[in-house]
Q: 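I'd like to ask some things about the structure below.
Below, each value reflects all heavy atoms present in this structure, side chains not excepted, and no hydrogens, waters or symmetry copies. Predicted, not measured: the structure shown is a model, and the values here were computed from it.
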Amino acid sequence: MSRSAVQELAGPVEAAIAEVGGDGVQARLERPADPAHGDYATAAALQLAKPLRAAPRQIAEWIAERIDSPFIASAQVAGPGFVNLRATPAWYRHVIGRVLAEDRRYGGGAAARPQKIQIEYVSGNPTGPVTASTARNAAYGDSLARLFEFAGHDVQREYYFNDAGRQMDLFGASLRARARGEDVPEDGYRGAYIEDVARGLGLDPDAPADEWRARGAAAMVEDIKRTLTRFRAGFDRWFLERSLYEDGSVAGAIETVRGTGHTYEKDGALWLRSSELGDDKDRVLVRSDGTPTYIAGDLAYIVSKLERGFDVAVYVLGSDHHGYIGRLKAGAIALGYDPDRVDIQIYQFVKIVEGGKAVSASKRRGAVLMLDELLDVIGIDAARYALVQRSHDQVIELDLELWAAQNAENPVYYCQYAHARIAAILRNAERAEDGPAPGWTPEPAEVELVKHLAEFPEVVAEAAEWRGPHRIVAYAQDTAKSFHQFYKQCRVLGEAPDVERSRLALCRATGLVMATALGLVGVEAPDRM
RNA sequence: GCGCCUGUAGCUCAGGGGAUAGAGCGUGCGCCUCCGGAGCGCAAGGCCGUAGGUUCGAUUCCUACCAGGCGCACCA
């Protein structure tokens, strides 16, 4: 783990804060709204006013005069008690040097506390192809997993196939009915793909429903894996719910919660007393007919996850499943685990529109946009970018026309274009650069760009901690903007040797960071477009 | 009724206690003798849903209310 370049500025400031009696108070450097105020600023003096019983501006003076660092050119008190800092050219050169030295590792390994994290995402019944709505789960979950890994956590990605239960029986029955030319059962699956799948299996229409179910599920599992791979959503393990029943895990989990005293019997069923553990109501674990509910399976799965040695199990679920939070946490407690080890992330729905008209609907009724179709229309990069650029707890609208456009209206190209431009400059350079020249002093556009590069490690750490990969997209967009401005204002090739060399180094450093950032959300950083 | 999420520019949305609230798209006006114009600059456009509270300081945290989305099975 490495301190970010911004923290290298904060260090001397914190030392000064400690000297004036603010031991342990963080500098928390921020960019002043007005660049005329300086490069970074700390509001620590304002927070110290009360404990130190002194005027904030006075404290700021004390801090400012004690700051001593080769990377800080000046420290000035301003406003109610801010200390405004100006970085030295040496710091800017240092930042570029660090990015180049750390290469694609730059920005990574910043997790405050590396953990073993298991992340389960997408997951669902293998009753049909992956839909475009589910794509948000895949884009978000996969980006989170990439972020965790990059931040320094040990990550396992898992897909949980709900291949047991009534939905699967309905799916099998629907396939069989279609093959026999009959109407699908009530509540059955009516999507157009059902007929294709039924035909593709080449099974005797009169084969037992069980066989239709098993063969259909196997085919859908393969189809789901193929589509997700195409979408660059990777998994280390494909877990089958059925296995939990077959190896006795479900029975074992039921015994465990019985043993901890969090169950009771009523109306011939076994209930989990979840209402006392934070859930809104009690839940049936074993039906009066003796069969376990899906909750029993969920409990067994929690045991499976946590007993495999993960510190935390992250679940990525759609907003229609938000009721799971209370249920799963209650289950974890009943099983004797710390509920904080179950980390449930809920993402809101995607409204897919085309020309202002909604195109998404339920899978069971058919007329649904599938992920493969979405990718055919707008491409993988645009789909990943569009689905992860906004906070996961924000309902989003995905306009097919906008994202399919091969022009400047399409936001994904803005970032990619910056990377391609950099690649073009590096291609055209006549000699390899070797870091910024020793006496180089950056111009304003360069200052701005380097600051962005310096802040990347913190952005990564925060994005991972807050489970918000959209911050990476926002960062990539900001950095791209900063580069485009630099490109316009500062010519690279053909300038004086020291300037050219330094700017080439800055270009290469920016290209590296852009590629890393886009890679974290599964978007490619092309050298040519 | 209860619970979760959300109300910020014309539209889609960033902003996880700090100074004059931002971006993309859209609108208007400019910028290619030079590294890729999928770009850059300038301008217009905001009671940050409403009302209270905490704080030196609130778009940010808390409460209530209003509005929208999603849920509240012995289905998964």
Q: Which residues, if any, of residues 445-456 of chain A bring a heavy atom under 4.0 Å of RNA chain B?
A: none

Q: OP1 or OP2 of B/G24 versus the side-chain N and O atoms of A/Asn410: is any pair under 4.0 Å?
A: no

Q: Closest-nucleotide mapping onto RNA chain B: is A/Asp478 or A/Phe82 further toward the 5' terminus? I mean the 5' end.
A: A/Phe82

Q: Just to confirm, is there a sub-4.0 Å distance from OP1 or OP2 of B/G37 to any side-chain nitrogen or oxygen of A/Tyr487?
A: yes

Q: Using a cut-off of 4.0 Å on non-hydrogen atoms, how would the nucleic acid contact of A/Arg283 be classed: base, sugar-phosphate, or nothing?
A: nothing

Q: Can you check the A/Gln26 CD to B/G17 P distance for me, whole Å?
A: 12 Å

Q: Is there a donor and acceptor pair, one atom on the side chain of A/Asp298 and one on the base of B/A76, closer than 3.5 Å?
A: no

Q: Under 4.0 angstrom, heavy atoms only, what part of the nucleic acid is A/Cys490 near: base, sugar-phosphate, or nothing?
A: base

Q: What dot-bracket string describes RNA chain B from 5' to 3', counting Watson-Crick and G-U wobble pairs whose defining distances are under 3.5 Å, with [ ] for crossing pairs and | for pairs to another strand?
A: (((((((..((((....[...)))).(((((.......))))).....(((((..]....))))))))))))....

Q: So A/Ala269, base contact, sugar-phosphate only, or nothing? Heavy-atom distance under 4.0 Å.
A: base

Q: Please encode protein proximity along nucleotides 40-45 of chain B as a string of B, S and -, counting only heavy-atom distances under 4.0 Å.
A: SS----

Q: Closer to the 5' end of RNA chain B via nearest nucleotide, is it A/Ser391 or A/Pro32?
A: A/Ser391

Q: If you go through the side-chain atoms of A/Tyr413, does one of them form a donor-acceptor pair with the base of B/A38 closer than 3.5 Å?
A: no

Q: Taking O4'-C1'-N9-C4 for purines and O4'-C1'-N1-C2 for pyrimidines, is B/C32 syn (within 90° of 0) or anti?
A: syn

Q: Looking for any heavy atom pair under 4.0 Å, which part of the strands does A/Val492 touch: base, sugar-phosphate only, or nothing?
A: base

Q: Do A/Ser288 and B/C74 have a side chain to base donor-acceptor pair shorter than 3.5 Å?
A: yes

Q: Does NZ or CZ of A/Lys305 come closer than 6.0 Å to the centre of the six-membered ring of A/Phe239, within 45° of the ring's axis?
A: no

Q: Would you please classify the geometry between the A/Tyr301 ring and the A/Tyr160 ring as parallel, tilted or perpendicular, with 30° and 60° separating the classes?
A: parallel

Q: Check whether any side-chain nitrogen or oxygen of A/Arg31 sits under 4.0 Å from OP1 or OP2 of B/G18, and answer yes or no.
A: no

